[in-house]
Amino acid sequence: MPSGSSAPRVRFAPSPTGYLHVGGARTALFNWLFARHAGGVMILRIEDTDAERNKPELVEGILDGLRWLGIDWDEGPFYQSQRLELYAQAAQKCLENGSAFLCYCPAERYVGGDHAEEGQETGNVRRISRCSCRDGNPSVPGTKPAVRFKVPLGGTTRFQDAVFGEREFANEDIEDFLLMRSSRGEETHGLPSYQLGAVVDDIDMRITHVIRGADHISNTPKQALLYRALGAELPLFAHLPLILGADRTRLSKRHGATSVTSYRDEGFLPEAFRNFLALLGWSAGGDQEFLRTSELLEKFTLAGVSRTNGVFDRPKLEWFNTQYLQKLPIEDLLPAVENELKRSKLWKEEWAAPAGHEWFSKTVDLLRPRIRLLPDFSSWSRAFFSDEFEYEQAARDKFWKKEPRLPQFIAQIADAMAALPDWNHDACEHALRAIAEAAGVKAGVLINATRVAIVGQAVAPPLFETFLALGRERVVRRLRAAIPAVEESCKA
RNA sequence: GGCGCUAUGGUGCAACGGUUAGCACGCGGCCCUUUCAAGGCUGAAAUACGGGUUCGAUUCCCGUUAGCGCUACCA
């Protein structure tokens with residue numbers, strides 16, 4: 001035991017009962033930021049002690065979510081299901097030193113009548129039931145017992161919380177919580193409870209800071225009692241405020257997407273999601289909100305964690321995404337776009353070669369200010385990556401009906417572009433404006449109509465930059481190809 | 001019901017005894033303009049309520065109310 005080492009050791013301990021949800025991701029992120037900020041150790045532990053609820057295959061989904069967020073770990077993943085002997089030994093130790101007892105109450109009975117009703121009636125005399133097993137009088141002898149912690153009848157239990165301060169609870173308010181479930185069948189012992197598994201592992205893994213959701217505050221005095229019974233020092237706890245849905249109730253399936261991978265699939269950038277998540281329940285103290293990962297790492301402290309539950313505000317997440325889409329170094333964005341285009345089958349290998357890469361990079365750079373989510377590169381920007389695109393009806397109605405001579409103007413523009421001695425931004429613009437002036441129409445009318453003709457949409461990057469991105473040959477071809485459709489719209 | 005936590009605009013955060021209560025998202029307006037974004041400027045919008053403590057409370061204490069959490073042989 002390297003007691004001289006001061007490097008913090010933290011852990012993220014999800015249970016594989018579902019995907020990695022937003023709340024879990026935030027907990028993982030804060031643990032990770034804390035560890036990396038302090039040069040500490042991040043441990044991943046899978047709490048799979050409930051054989052019925054856990055599904056091993058879900059672990060991979062959780063790891064996927066963590067990887068997408070860029071959260072890595074130094075030790076693990078450890079599986080509690082493979083460390084059962086450890087918990088049995090700890091339970092035995094508690095039994096031997098008198099801090100636990102064998103409970104023969106049928107599970108249903110302990111939970112139901114004994115606990116709730118009786119506790120209610122006796123009012124302020126004794127609010128928490130203590131079953132007779134704890135005094136050595138099994139209520140239903142002969143059945144396989146569970147192990148419960150024998151909470152002291154008086155006194156208080158306290159612990160330090162880096163976020164909420166010092167907390168103190170009266171022991172009489174703490175029930176004799178479960179340590180070991182009763183064994184079924186032939187096993188020598190049952191499975192450990194969450195409380196036992198978490199504490200035994202946190203001791204064994206020498207966890208110094210327990211950073212987890214605030215829903216565990218009420219569990220903490222129980223765990224503090226357990227640490228003491230096991231002869232271990234308490235770690236410093238840090239409880240994180242909960243993340244709520246827009247209706248201020250706990251985030252759940254009802255609120256739509258709650259798994260981090262669904263945000264990945266929607267096309268959010270991990271950097272943006274991470275920045276957004278970091279600010280849900282934490283701030284660096286000032287007004288700065290746009291924090292790259294390196295800044296997050298540098299500035300993260302538990303002192304900056306807030307105590308109030310926060311609402312997951314999707315519009316703000318989207319804002320962060322657009323910010324990152326625009327500000328990320330282009331080379332960092334390219335792989336994500338490539339991935340997206342492959343997904344939509346628009347990707348061409350030539351863009352990976354040096355010559356094609358330059359075009360690809362410049363085009364993505366041209367497109368990015370107007371993109372909100374990665375899939376927009378495939379849908380909204382389709383005409384830049386494929387010659388197969390359609391004219392949006394709304395765009396035709398908006399820009400192709402203003403001027404009856406439009407078909408001939410489009411043809412003139414096509415000819416002018418084809419004849420240009422130099423193919424560059426200003427030359428294109430001058431040529432187009434000259435046509436507008438000669439015809440006595442506003443340049444904007446031709447510009448907007450031309451945009452629809454070459455990309456099929458009313459919205460696109462500035463026209464002449466779009467010209468350069470598409471290339472002269474395609475621009476001319478698309479302009480000529482659009483003439484019949486323009487005529488049709490003009491007549492309508 | 002019991003125990004606990006929390007309480008600044010609609011939302012996320014600042015202000016950690018003294019500010020005209022700040023920033024951002026969202027919403028409205030204006031500017032820019034070649035469409036749409038982006039960007040710039042700008043408007044509306046908050047200290048839950050009641051008592052204390054203090055020269056002075058958003059800030060400290062108590063109560064009320066509200067929300068949330070725990071109260072499982074779930075984690």
Side-chain angles (χ1 to χ4, degrees), chain A residues 13-17 47-50 52-54 103 105-108 110-112 115-117 119-121 123-124 127-128 146-148 161 164 167 169-170 172-175 177-184 190-195 197-198 212-222 239 241-242 244 246 248-250 276 279-290 304 306-320 322-323 326 368-372 380 395 398-399 429 432 442-448 450-452 455 457-464 466:
Chain A
S15 72
T17 53
E47 307 212 325
D48 55 350
T49 57
D50 184 333
E52 289 170 19
R53 289 170 198 255
N54 295 315
C103 181
C105 299
E108 323 77 66
Y110 191 91
V111 174
H115 220 198
E117 290 176 34
Q120 213 166 305
E121 285 175 27
N124 45 27
R127 285 158 297 186
I128 297 295
V147 179
R148 285 186 182 281
D161 191 305
F164 291 89
R167 296 288 121 186
F169 290 75
E172 67 168 347
D173 290 329
I174 304 172
E175 72 271 17
F177 58 96
L178 193 78
L179 255 29
M180 282 287 218
R181 301 164 165 112
S182 54
S183 61
R184 290 186 226 95
L191 292 166
S193 69
Y194 158 71
Q195 314 286 2
R212 73 223 309 190
D215 48 342
H216 286 291
I217 290 179
S218 301
N219 286 324
T220 310
K222 299 174 189 171
H239 288 101
L242 268 18
L244 312 176
R248 289 213 148 266
T249 64
R250 211 173 178 182
F276 169 73
L279 260 29
L280 209 41
W282 175 82
S283 91
D287 287 335
Q288 188 185 2
E289 291 205 295
F290 191 84
S306 118
R307 271 144 302 180
T308 61
N309 293 168
V311 172
F312 186 92
D313 187 40
R314 181 170 169 119
K316 187 134 188 184
L317 202 213
E318 292 182 358
W319 176 78
F320 269 113
T322 60
Q323 291 297 304
Q326 289 179 63
R368 76 206 288 210
R370 268 151 273 254
I371 299 289
R372 297 193 70 79
W380 181 81
K398 187 174 181 186
F399 293 127
E429 179 162 6
L432 184 142
K442 285 201 282 188
V445 171
L446 297 191
I447 287 171
N448 292 330
T450 300
R451 178 180 296 110
V452 179
V455 298
Q457 307 173 153
V459 176
L463 187 68
F464 303 108
T466 298

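When reading the values below, keep in mind they use all heavy atoms of this one structure, side chains included, and skip hydrogens, waters and symmetry mates. In what follows, every chain begins at residue 1, and chains take the letters A, B, ... in the order their sequences are listed.
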In whole Å, what is the span from the [atom1] atom of [X] to the [atom2] atom of [N]?
X      : N     : atom1 : atom2 : result
A:F290 : B:C25 : CZ    : C1'   : 14 Å
A:L279 : B:C23 : CG    : C1'   : 11 Å
A:E172 : B:G4  : CD    : C1'   : 14 Å
A:E175 : B:C3  : CD    : C1'   : 10 Å
A:F312 : B:C68 : CZ    : C1'   : 19 Å
A:W319 : B:G39 : CH2   : P     : 8 Å
A:H216 : B:U71 : NE2   : C1'   : 15 Å
A:F164 : B:A7  : CZ    : C1'   : 12 Å

Would you indicate which nucleotide in [options] comes nearest to any side-chain atom of [X]?
X      : options             : result
A:P369 : B:G12, B:U71, B:A37 : B:A37
A:R451 : B:U35, B:G12, B:A75 : B:U35
A:T49  : B:U34, B:A75, B:U35 : B:A75
A:S218 : B:G69, B:G4, B:C13  : B:G69
A:Q195 : B:G4, B:A75, B:C13  : B:A75
A:D215 : B:C5, B:C70, B:C13  : B:C70
A:E47  : B:A75, B:G69, B:A14 : B:A75
A:R307 : B:U71, B:U6, B:C23  : B:U6
A:K316 : B:C68, B:U34, B:A24 : B:A24
A:T308 : B:C13, B:C68, B:C36 : B:C13

Is A:S193 side chain donor-acceptor paired with the B:C73 base, going by distance under 3.5 Å alone? no
Heavy-atom donor-acceptor pair, A:D287 side-chain to B:G22 base, under 3.5 Å: yes
Spacing of the C1' atoms in B:A57 and B:G50 (rounded, Å): 15 Å
Quickly, which of A:R212, A:Q195, A:R167 forms a side chain to side chain donor-acceptor pair (under 3.5 Å) with A:T220? Name it, please. A:R212
Around A:R314, counting heavy atoms of other residues, nucleotides and ligands shown, do more than 12 lie under 6.0 Å from its CZ? yes
What is the nucleic acid contact for [X], judged by heavy atoms within less than 4.0 Å: base, sugar-phosphate only, or nothing?
X      : result
A:L463 : base
A:G281 : sugar-phosphate
A:Q326 : sugar-phosphate

With a cut-off of less than 4.0 Å, is there a side-chain N or O of [X] near OP1 or OP2 of [N]?
X      : N     : result
A:R148 : B:C73 : yes
A:R181 : B:C74 : yes
A:R248 : B:A7  : no
A:R167 : B:G69 : no
A:S182 : B:C73 : no

Salt-bridge criterion met for A:E175 and A:K222 (N-O under 4.0 Å): yes
Would you please name every residue forming a salt bridge (charged side-chain N to carboxylate O under 4.0 Å, His left out) with A:R368, sequence neighbours left out? A:D365
Evaluate the ring planes of A:F164 and A:H239, with Trp represented by its six-membered ring, and classify them as parallel (under 30°), tilted (30 to 60°) or perpendicular (over 60°). tilted
